[in-house]
Amino acid sequence: MPITIADVASRAGVSKTTVSRVLNGKGEVDQGTADRVRAVISDLGYVPSARAVGLARGRTRVVGMLVPALTWPWMGEVLQGAVDVVEDEGYALLLFTCNRGDQSMRRFTSQVSAKSFDGLLVVEPEGTLDHITALHEQGLPVILIDDRVHRPRFPSVRTTNHAGARAAAAHLLELGRRRPLVITGVPQFGCTEERSAGFAECYAEAGLPIDPDLVVDGDFTFECGRTAVQRLLAAGVPFDAVFAHNDLSAAGALQALMDAGRRVPADVAVVGFDDLPLAGHTHPPLSSVRQPLREMGEAAARTLISHLDGTPLPDSPIVIPTGFTVRASTSGT
């Protein structure tokens with residue numbers, strides 16, 4: 001049987017409260033009693049659980065993380081960045097998803113009520129921002145990753161979607177591509193708004209406003225990229241480039257172009273967004289706006305843990321810029 005704090009208390013002839021005070025350095029315990037308790041702990045080989053010690057000190061040394069689902073293409077990169085920092089700092093990570101909708105949120109809320117973690121990292125599940133804001137206002141430290149232009153009333157880590165899309169447009173313009181097909185993300189997402197605006201703005205400044213017939217609402221899936229290209233090809237609508245709001249829909253576009261016998265990039269240049277590992281393995285490899293996903297996870301976790309250690313939370317969003325990776329889907333090499 002494992003040794004318990006009650007065993008230590010009984011052998012030392014003190015209360016469990018006294019043992020707890022000795023373990024946590026709290027309260028006044030005379031030196032002789034403290035020495036006796038430590039000797040018993042050593043003799044019995046008692047090892048207090050990290051959780052028990054943390055709770056006694058008012059801290060769990062656990063960080064919660066709430067995400068919509070683990071199936072999102074870029075979620076693994078964000079999660080890995082957060083985990084790297086959390087583990088380096090000696091914390092554990094308690095992960096929650098919203099795969100089961102309201103049932104998942106009820107379970108999450110019960111863990112908040114039980115004070116199972118010290119602070120929360122969030123990739124916002126749809127429709128939960130008001131609830132998360134209320135938790136923050138009740139005292140739970142929260143950092144939002146990818147704020148989708150919601151500008152919450154608590155700290156966030158975001159990237160430059162608008163500037164990233166402008167970089168994609170500038171690259172295509174340099175290549176002489178004048179009629180780009182734009183396959184957007186989910187229309188209600190702020191990142192979709194920013195990417196659409198940045199891309200269109202750059203083309204408009206070049207005197208080439210985007211043809212509305214060349215803007216297709218998507219949903220960040222492979223299938224939406226493929227069907228958008230198939231539909232425009234079948235309708236005879238000319239285009240010489242594709243800008244997809246993520247790499248997965250760009251891969252779908254590449255597949256449709258290849259199936260139709262169109263050459264990439266000679267006939268149609270293709271650019272994605274995210275620069276996931278997938279981008280280096282499409283045929284041809286995909287040029288893509290690099291979203292600093294792992295760095296965003298790292299920055300959010302580092303900011304939260306620094307706050308738990310006494311540093312004030314930042315008043316404004318932490319912004320990590322996008323980059324751009326050129327591959328054969330636009331360069332032809």
Side-chain angles (χ1 to χ4, degrees), residues 2-9 16-27 29 34 37-67 70 74-97 107-124 132 135-136 138-146 154-158 292-315 317-318 320:
I3 304 299
T4 68
I5 194 170
D7 297 325
V8 175
K16 289 189 290 183
T17 300
T18 298
V19 176
S20 180
R21 286 174 176 167
V22 171
L23 287 169
N24 298 299
K26 283 188 172 182
V29 179
V37 169
R38 293 190 185 99
V40 171
I41 289 171
S42 178
D43 290 342
L44 295 179
Y46 172 63
V47 179
S49 73
R51 176 172 171 76
V53 173
L55 287 172
R57 292 175 177 169
R59 293 269 295 275
T60 64
R61 295 197 70 81
V62 175
V63 168
M65 188 166 185
L66 176 65
V67 303
L70 298 180
W74 50 262
M75 192 62 70
E77 288 293 305
V78 172
L79 183 58
Q80 189 61 59
V83 167
D84 287 345
V85 172
V86 167
E87 291 184 346
D88 283 349
E89 296 295 330
Y91 281 70
L93 185 75
L94 185 58
L95 180 64
F96 303 91
T97 72
R107 289 178 177 173
F108 165 71
T109 301
S110 71
Q111 294 299 307
V112 175
S113 299
K115 301 187 185 303
S116 298
F117 46 86
D118 299 327
L120 182 66
L121 304 173
V122 180
V123 177
E124 181 206 340
I132 295 164
L135 294 177
H136 173 70
Q138 292 163 15
L140 180 67
V142 178
I143 307 289
L144 186 64
I145 303 170
D146 183 22
F154 49 84
S156 65
V157 177
R158 63 190 314 269
L293 300 164
R294 188 170 296 207
E295 293 94 326
M296 290 165 69
E298 291 172 349
R302 191 171 293 112
T303 300
L304 179 60
I305 291 175
S306 293
H307 173 66
L308 296 176
D309 290 338
T311 302
L313 288 171
D315 295 326
I318 297 168
I320 304 176

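- Annotation: the span from Asp7 atom CG to Ile41 atom CD1 amounts to 12.0 Å, rounded to 0.5 Å.
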For this session: Evaluate the criterion side-chain contact (heavy atoms from CB on, under 4.5 Å) for residue pair Trp74 and Asp146; output intermediate values, then yes/no.
Result: CA-CA 12 Å; Trp74 50 262; Asp146 183 22; 3.9 Å; yes
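- Across Val86 and Leu93, no two heavy atoms sit closer than the pair CG1-N, 4.1 Å.
- In this structure His136 satisfies the ring-ring contact (aromatic ring centres under 6.0 Å, His included) test together with Phe154, sequence neighbours excluded.
- Within the 4.5 Å cutoff, the side chain of Phe96 has no heavy atoms near those of the Val112 side chain.
- Closest non-hydrogen pair, Ile320 versus Ala299, comes out as CD1-CB, 3.9 Å.
- A donor and an acceptor atom, one from each side chain of Asp309 and Ser306, are nowhere located under 3.5 Å apart.
- Smallest separation of non-hydrogen atoms from Val8 and Val40: O-CG1, 3.8 Å.
- Ala301 and Ala82 get closest at one heavy-atom pair: CB-O, 3.8 Å.
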For this session: Go through the steps for Ile318 and Thr303 under the test side-chain contact (heavy atoms from CB on, under 4.5 Å), then give the verdict.
Result: CA-CA 9 Å; Ile318 297 168; Thr303 300; 3.2 Å; yes
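- When side chains are defined from C-beta on, Lys115 does not count as touching Thr60, because their heavy atoms never get closer than 4.5 Å.
- A 4.5 Å side-chain heavy-atom check between Leu308 and Pro141 finds at least one atom pair inside the cut-off.
- If you take NE2 on His307 and CG on Asp118, they are separated by 10.5 Å, rounding to the nearest 0.5 Å.
- Within the 4.5 Å cutoff, the side chain of Leu304 has no heavy atoms near those of the Val85 side chain.
- A 4.5 Å side-chain heavy-atom check between Val67 and Ile145 finds every atom pair outside the cut-off.
- Counting all heavy atoms, side chain and backbone alike, Pro317 lies closest to Arg158 at CB-CD, 3.9 Å.
- Here the side chains of Met65 and Val78 are in contact, with some heavy-atom distance below 4.5 Å.
- Closest heavy-atom contact between Ser20 and Ile5: N-CD1, 4.1 Å.
- With values rounded to the nearest 0.5 angstrom, Ser156 atom OG is found 11.5 Å from Leu313 atom CG.
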Problem set entry | Audit row: Leu140, Phe117, side-chain contact (heavy atoms from CB on, under 4.5 Å) steps and yes/no | CA-CA 9 Å; Leu140 180 67; Phe117 46 86; 4.1 Å; yes
For this session: Kindly indicate, with the supporting measurements, whether the criterion side-chain contact (heavy atoms from CB on, under 4.5 Å) is fulfilled by Arg294 and Asp84.
Result: CA-CA 9 Å; Arg294 188 170 296 207; Asp84 287 345; 4.2 Å; yes
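- How far CG of Leu66 is from CD of Gln111: 12.0 Å, rounded to the nearest 0.5 Å.
- Applying side-chain contact (heavy atoms from CB on, under 4.5 Å) to Leu121 and the options Leu95, Leu144, Ile143, Val157 leaves one that passes, Ile143.
- Remark: side-chain polar atoms of Arg61 are paired, donor with acceptor, to backbone N or O of Glu89 under 3.5 angstrom.
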